[in-house]
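Input: a single structure, listed below in structure tokens.
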Amino acid sequence: MVIVSEIDEARAALQDLIAGANRIVAFTGAGISTECGVPDFRSKNSPWQRLKPIDFDIFVADMLQREEAWRRKFALDDIYAQAQPGRGHWALANLVASAKISAIITQNIDNLHQTSGVADEKIIELHGNGTYATCLACGKRHELNLIRHEFMATGAAPICTDCGGIVKTATISFGQPLPETAMQRAHDAATNCDLFLAIGSSLIVYPAAAFPIIACQHGARLIIVNDEKTPLDDQADVVLRGDIGDIFEPLAT
Ligand code: APR
């Protein structure tokens, strides 16, 4: 494992590794979106450090916790709604457009890969998407602006207009099963690439954090781009230690 922390060397190493690869998979975490104003989860000043996650079972069983989950959602929603893609998103979008990247596996729910122009079929969302909601019973999609209007007026957690079921943002909470199709697509991508770029993730939440390992086990080179150490650094071929936007900037234009 080689750690590169000088910015020009990191940029050069990244571009050399990309040039030498034929089929790249990018795996993104919250760190790619922090420069867009979207907080990550485990940096010391993250707002999520003081909010204990509401487990899926609690959300379903406890109306008060459901209302708290919606309060949190709308408290942060303007940050997500106003966020624009950062240099890392634009760089990955360019690499998808040039067919260097075959898939982007993301843990993020901020829709910024889509906003940067990457087609849905190239994006694999392991933890869902926070820009809309769905009914847990019938699957009907519900738009957030309508829910927000109602919630701000009544404070009551939304129920499905079709079936009366519980409505939840289309994100995956702790304790909620990950989407099978996304997991299968991510496994197929990770086992069919020659370079796996893990970008902006602490790589501690499973099963998502298993995909860099699976890629290595199937012969891919693993590059970790992060501003702090991760538990998988020792398994990486190269670690680019620094700011994601700075490192990817030459590829973002
Ligand atoms: N440049 C480089 N690294 C950065 C930057 C940046 N600009 N900003 C943040 N980071 C790093 C942080 O130091 C941290 O190591 O990105 C990493 C983000 O880690 P987390 O906050 O743990 O986010 P993530 O890995 O995506 O979390 C995984 O956990 O809470 C659940 O479902 C949630 O999808 C999320 C999952």
Side-chain angles (χ1 to χ4, degrees), residues 3-7 10-11 13-14 26-56 58-59 69 72-73 76 79-80 83-92 104-113 116 123-131 168-179 182-183 186 196-213 222-234 236 238-252:
I3 298 184
V4 182
S5 49
E6 197 281 321
I7 183 65
R11 286 174 170 176
L14 177 65
F27 174 93
T28 60
I32 198 172
S33 300
T34 51
E35 76 169 25
C36 314
V38 175
D40 63 8
F41 296 92
R42 293 173 184 83
S43 285
K44 50 189 170 306
N45 54 358
S46 167
W48 295 106
Q49 284 302 303
R50 62 179 182 278
L51 294 169
K52 180 177 175 304
I54 297 172
D55 271 25
F56 181 64
I58 302 293
F59 178 90
R72 291 181 188 182
K73 168 64 184 171
L76 283 172
I79 291 174
Y80 283 88
Q84 290 302 311
R87 291 168 291 172
H89 297 100
W90 292 119
L92 295 186
I104 298 177
I105 304 170
T106 189
Q107 300 172 99
N108 299 341
I109 61 162
D110 54 32
N111 208 64
L112 288 176
H113 289 304
S116 68
I123 299 170
I124 303 169
E125 293 181 315
L126 297 179
H127 295 162
N129 188 296
T131 61
K168 180 178 177 295
T169 60
T171 56
I172 305 300
S173 300
F174 284 104
Q176 189 172 358
L178 271 69
M183 290 296 284
F196 193 93
L197 292 176
I199 306 165
S201 178
S202 57
L203 297 173
I204 61 172
V205 173
Y206 284 80
F211 288 113
I213 300 166
L222 172 59
I223 313 305
I224 295 175
V225 188
N226 208 51
D227 65 0
E228 67 176 14
K229 188 167 170 37
T230 78
L232 299 188
D233 284 1
D234 298 341
V238 180
V239 172
L240 304 180
R241 181 77 68 237
D243 180 83
I244 291 163
D246 291 346
I247 293 170
F248 278 90
E249 184 169 318
L251 299 169

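Counting starts at 1 for both ligands and their atoms, following the listed order. Residues take their numbers from the sequence shown, with the count starting at 1. None of the values given here were measured: they were computed from a predicted structure.
- A salt bridge links Arg87 with Asp246; the closest basic N to acidic carboxylate O contact falls under 4.0 Å.
- Side-chain contact between Ile204 and Pro231 is present, with at least one heavy-atom pair separated by less than 4.5 Å.
- The side-chain contact (heavy atoms from CB on, under 4.5 Å) test with Phe248 singles out one residue from Leu240, Ile199, Asp243, and that residue is Ile199.
- When the shell of 6.0 Å around CD1 of Ile58 is examined, it contains 12 or fewer heavy atoms from other residues, nucleotides or ligands.
- The backbone N or O of Glu228 sits less than 3.5 Å from a side-chain atom of Arg241, completing a donor-acceptor pair.
- Contact shell of ligand 1 (protein heavy atoms, cutoff 4.0 Å): Gly29, Ala30, Gly31, Thr34, Asp40, Phe41, Arg42, Ser43, Gln107, His127, Phe174, Gly200, Ser201, Ser202, Val205, Asn226, Asp227, Glu228, Gly242, Asp243, Ile244.
- Between the side chains of Thr171 and Lys73, no donor-acceptor pair is found at a separation under 3.5 Å.
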